[in-house]
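All remarks here apply to the structure that follows.
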There are 2 protein chains.
Amino acid sequence: MARTSYTLEDVARAAGVSPSTVSRVINGTARVRPGKLKAVLEAIERLGYQPNLMAKGLAQGKSLTVGVMVQEIASPFYGEMIKGIEQGFDGTLYHPVFSTGHWRAEQEREALRVLSARQIDALIVLDGLVSEEYLLGLARKMPLVLFGRRVRGLEHNTLLVDNLQGAYLGTRHLVELGHTQIVHIAGPAFHLDAKSRLEGYRKALEEAGIPFEPERVIEGDYVEPSGMLAVESLLARRIPFTAIFAANDQMAYGARLALYRRGIRVPEDVSLVGFDDLPGSSYMTPPLTTVRQPTLELGREAARAVLLMLEGQPYEPPLFNTRLIVRESTAMLRHSRVALPGRWS
Amino acid sequence: MARTSYTLEDVARAAGVSPSTVSRVINGTARVRPGKLKAVLEAIERLGYQPNLMAKGLAQGKSLTVGVMVQEIASPFYGEMIKGIEQGFDGTLYHPVFSTGHWRAEQEREALRVLSARQIDALIVLDGLVSEEYLLGLARKMPLVLFGRRVRGLEHNTLLVDNLQGAYLGTRHLVELGHTQIVHIAGPAFHLDAKSRLEGYRKALEEAGIPFEPERVIEGDYVEPSGMLAVESLLARRIPFTAIFAANDQMAYGARLALYRRGIRVPEDVSLVGFDDLPGSSYMTPPLTTVRQPTLELGREAARAVLLMLEGQPYEPPLFNTRLIVRESTAMLRHSRVALPGRWS
DNA sequence: TTGTACGCGTTATCAC
DNA sequence: GTGATAACGCGTACAA
C-alpha cells in the first residue's frame with residue numbers, strides 16, 4: 001500500500017510553483033499568472049490530486065460537515081427528509097453526517113456528542129426530546145435548524161408545517177362525505193405535531209357541529225402496530241364509527257389491517273384518512289387518502305437554511321402548507337352501511 | 001462566539017502535565033502515574049473536553065470514518081441495511097458516512113469521490129454499476145465490503161445472500177399450493193440478485209414438471225409502478241395466471257394494486273409472493289407472503305467485516321440464508337376460481 | 001514515567 | 001503575483 005494520495009506539496013513540485021500558489025488556484029483566493037495557473041491545473045489533473053478535507057478542516061477550523069440528528073434512519077418519513085437533506089447539500093462542499101436518537105433524550109445527547117466530536121459546522125435536528133436548554137446551547141455555538149419542535153428563542157431556526165390546518169382538511173373531508181362518527185388515532189401526546197393534528201380534528205368537528213368525544217380519540221405512537229391496536233380497542237369497546245382519521249400514514253396502515261382482519265371494508269364500511277403521504281400510501285389497498293406533508297422539500301429547505309446561515313446570511317423560515325390528497329380509502333357515507341358495533345365484534 | 005471547545009493543551013495546562021501525557025491517558029498508549037492520571041481525568045471531566053477528530057485523523061492518517069455508497073437512501077430496503085450498518089458501528093470510534101449513487105455509474109463515481117475526499121478509512125458498497133476495475137482499485141487502497149455484486153478477486157469482501165434458493169422457496173410454496181400458472185415479475189436483468197431469483201423461480205418450476213415459459217416473465221425495475229405495469233401487461237396479453245412471484249416486495253405492492261383495480265382478489269383469485277420482507281409487508285392487505293432476506297443483519301455484518309479488516313484480521317464472509325414467511329397473500333388453488341383471462345380484461 | 005519537538009496537509013499572514 | 005512561515009490540534013519518536 002504505497003502513498004494513498006497526493007498532497008498539495010506534490011502538486012506544487014510537479015507544477016514548479018509553491019504550495020501557496022496551488023492553494024490559491026484551488027480556492028480562487030487570489031489571482032495567479034495565467035502560465036502558472038495552467039501548470040497547476042495540469043498537475044492537478046495529471047496526478048488526480050484531491051484535497052484532504054481533514055487538513056483543510058483543521059486549518060480553517062471548519063469541517064465542511066453538517067450533523068443531522070434524526071430519530072430513526074429507517075423510517076419512511078425520515079427517509080424522505082434525509083433524502084431531501086442530501087439533495088440540498090448536493091453540489092456544495094458540505095456533506096451531511098447522520099446520527100440517530102431513537103426518541104430517547106439520552107441517546108440523542110450521545111448522538112449529538114458523536115457529531116460534535118466530528119467538528120460539525122452546523123446542525124439539523126429532526127424532532128426529539130433533548131432539553132430546550134441543550135438546543136439553545138448548541139445554537140449558540142453553530143447554525144442550527146430545527147424541525148418538529150418549538151423552542152423559545154429558536155423561532156428563526158425552526159421549520160414549521162401547518163399541522164393543525166392539515167388535520168382540519170383531512171377531517172373536514174370526512175365530514176363533507178357525510179360522516180359524523182369519526183374517530184381519531186392520535187400521535188404521542190408529547191409530540192408537538194400530534195397535538196396540532198388532534199386540534200385540527202377537533203376544529204373540523206366543532207365547525208360541523210359534531211360533538212367532540214374524548215373516547216373517540218385513541219393515542220398511538222406513530223407506528224403501525226398502534227394503529228392496529230387502536231381499531232381493536234375501538235371495536236372491543238363497541239364504539240361505533242364510520243370513519244377514521246389517523247395522525248399519520250403508518251398508523252393508518254395498521255388500522256387498515258385491523259379492519260381487514262375483521263372483514264370491515266374500506267371505504268365501503270369505513271373511510272380512512274392518513275397524514276404524511278408516505279411513498280407507500282398510493283400503493284395501499286385501497287390507495288390511501290391522506291394529508292400530504294412536503295417531506296422532501298422540508299429536507300431540502302433544512303439544508304438550504306443551514307447553508308445560508310453558514311454564510312452569515314439572515315434566514316426567515318417559511319410556513320409549510322399541507323394539502324389533501326384524495327384517493328380511494330374514503331367514500332360517501334351510505335346509511336345502509338353505517339357501522340354497527342354489534343356486527344363487528 | 002468564544003472558543004468553541006477545549007484542546008488537549010488546555011487540559012494539560014489544567015492538569016499540570018504535558019500534552020503528551022494527556023494524549024497517553026486518552027488513548028491508553030502508555031502508563032502514567034496514578035496521581036497525574038487522576039488529575040488529567042478530572043481536568044477532562046471538568047472542562048468537558050472532547051478530542052478533535054479532524055486533528056486526530058490528520059495526525060494518524062486516519063479519519064475514523066467509513067464511507068457507505070448506497071443507491072437510494074430513502075428506500076425501505078436500503079433503509080434497513082443502513083440501519084444495520086449504523087448499529088454495527090455503534091459504540092466504536094468509527095462512524096459511517098453515506099453517499100448515494102442512484103444506480104448510475106457516473107453518480108456512483110462522484111459519490112465515491114466525495115467520500116474519498118473525506119479520507120474514509122474503509123468503504124462499504126451496496127450494489128451499483130461502477131466498473132469492477134474501479135472497485136478493485138479501491139480495494140487496494142482500503143478495506144472494502146461489497147454487497148449485491150460479484151467481483152473476481154473480491155470474493156472475501158463480498159456479502160452474499162442465497163437469492164436462488166430464496167426464489168426457489170417462494171415459487172415452490174406456490175407450487176405446493178397447487179398453482180401451475182405462475183408468472184414472475186423479475187428485477188432488472190443487469191442486477192445480479194434479479195438473475196438469481198429468476199433462476200430460482202425456474203428451478204422450482206422445472207422440479208415440479210411445469211414448463212418454463214418466457215412470456216410469463218415480465219421484467220420490472222424493483223419499484224412499485226413496474227409491478228403494476230407488469231400485471232397490466234399480463235392481463236392485456238391475456239396470459240392466464242393464478243399466482244405471481246415478484247422478485248421483490250415493492251413490485252409485489254404494485255402488482256397488488258393492479259389486481260385491486262381489476263377487482264381480482266388476493267389470495268382468492270391470485271396468490272402473491274414477494275421477496276425481501278420489507279417492514280411494510282406485514283401490513284399489506286392482505287399481509288404479504290414473502291421471502292425474508294436478513295437485511296438488518298446484513299448491514300450489521302458489513303460493519304463487522306469492515307471493523308475486522310481495519311484491525312488487519314482475516315475475514316471470511318458467511319452465506320446468508322433466506323426464509324419463507326407465509327402470510328395471507330397466498331392460498332390453495334381452487335379450480336372454481338382459476339384465472340380466466342376473459343373475465344379480467 | 002514524562003516532556004520536547006516535529007509532522008500530518010492545508011490555509012492565512014506576512015514579506016518580497 | 002508569489003513564496004516562505006506559522007498556525008490548526010493531535011500523535012509519537014526521541015530524549016531525559
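Chain A is the first sequence line, chain B the second, and so forth, proteins listed ahead of strands; every chain is numbered from 1.
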**Report entry** Among D/dG11, C/dT10, D/dG9, the nucleotide that comes nearest once only the side chain of A/Lys56 is considered
**Finding:** C/dT10
Query raised in the report: Does OP1 or OP2 of D/dG11 have a side-chain N or O of B/Asn27 closer than 4.0 Å?
Result: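 B/Asn27 to D/dG11 OP1/OP2: side-chain N or O found under 4.0 Å.
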Query raised in the report: Are OP1 or OP2 of D/dC10 and a side-chain N or O of B/Tyr49 less than 4.0 angstrom apart?
Result: yes
Between the protein and nucleotides 2-5 of chain D, are there any N/O to N/O pairs under 3.5 Å, and if so, what are the atom names and distances?
| unit_1 | atom_1 | unit_2 | atom_2 | d |
| --- | --- | --- | --- | --- |
| D/dT2 | OP1 | A/Arg33 | NE | 3.0 |
| D/dT2 | OP2 | A/Arg33 | N | 2.6 |
| D/dG3 | OP1 | A/Lys36 | NZ | 3.0 |
| D/dG3 | OP2 | A/Ser18 | N | 3.2 |
| D/dG3 | OP2 | A/Ser18 | OG | 3.1 |
| D/dG3 | OP2 | A/Thr21 | OG1 | 2.4 |
| D/dG3 | N7 | A/Arg24 | NH2 | 2.4 |
| D/dG3 | O6 | A/Arg24 | NH1 | 3.4 |
| D/dA4 | N7 | A/Ser20 | OG | 3.4 |
| D/dA4 | N6 | A/Ser20 | OG | 3.0 |

Query raised in the report: Charged N to carboxylate O under 4.0 angstrom, B/Arg113 versus B/Glu110?
Result: yes
Report summary line: With five pairs defining each end axis, the helix from C/dT1-D/dA16 to C/dC16-D/dG1 comes out bent, to 10°, by 40°
Query raised in the report: Is any side-chain heavy atom of B/Ser23 less than 4.5 Å from a side-chain heavy atom of B/Leu8?
Result: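 Result yes, sub-4.5 Å side-chain heavy-atom pair found.
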Query raised in the report: Quick one: side-chain hydrogen bond (donor to acceptor under 3.5 Å, both in side chains) pairs with a partner in residues 144-159 of chain B, sequence neighbours left out?
Result: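 Found B/His156-B/Glu316.
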Requested in this report: Starting from the C-alpha separation in whole Å, work towards a yes-or-no answer on salt bridge (Lys or Arg N to Asp or Glu O under 4.0 Å) for B/Arg304 and B/Glu301.
Outcome: CA-CA 5 Å; B/Arg304 205 178 74 89; B/Glu301 181 67 17; 3.2 Å; yes
Report summary line: In short, salt bridge (charged side-chain N to carboxylate O under 4.0 Å, His left out) pairs touching residues 40-60 of chain B with sequence neighbours left out are B/Lys38-B/Glu42
Query raised in the report: Sequence neighbours excluded, which residues qualify as side-chain contact (heavy atoms from CB on, under 4.5 Å) partners of B/Glu72?
Result: A/Lys83, B/Ser75, B/Tyr78, B/His102
Report task. Would you check, one step at a time, whether the test side-chain contact (heavy atoms from CB on, under 4.5 Å) holds for B/His95 with A/Ser99? Result -> CA-CA 9 Å; B/His95 198 87; A/Ser99 205; 3.9 Å; yes
Anything under 3.5 Å between a donor and an acceptor, one on a side chain of residues 60-69 of chain B, the other on a protein residue two or more places apart or in another chain? List them.
| unit_1 | atom_1 | unit_2 | atom_2 | d |
| --- | --- | --- | --- | --- |
| B/Ser63 | OG | B/Thr65 | N | 3.3 |
| B/Ser63 | OG | B/Gln119 | O | 2.4 |
| B/Ser63 | OG | B/Asp121 | OD1 | 3.3 |
| B/Thr65 | OG1 | A/Arg118 | NH1 | 2.7 |
| B/Thr65 | OG1 | B/Ser63 | O | 3.2 |

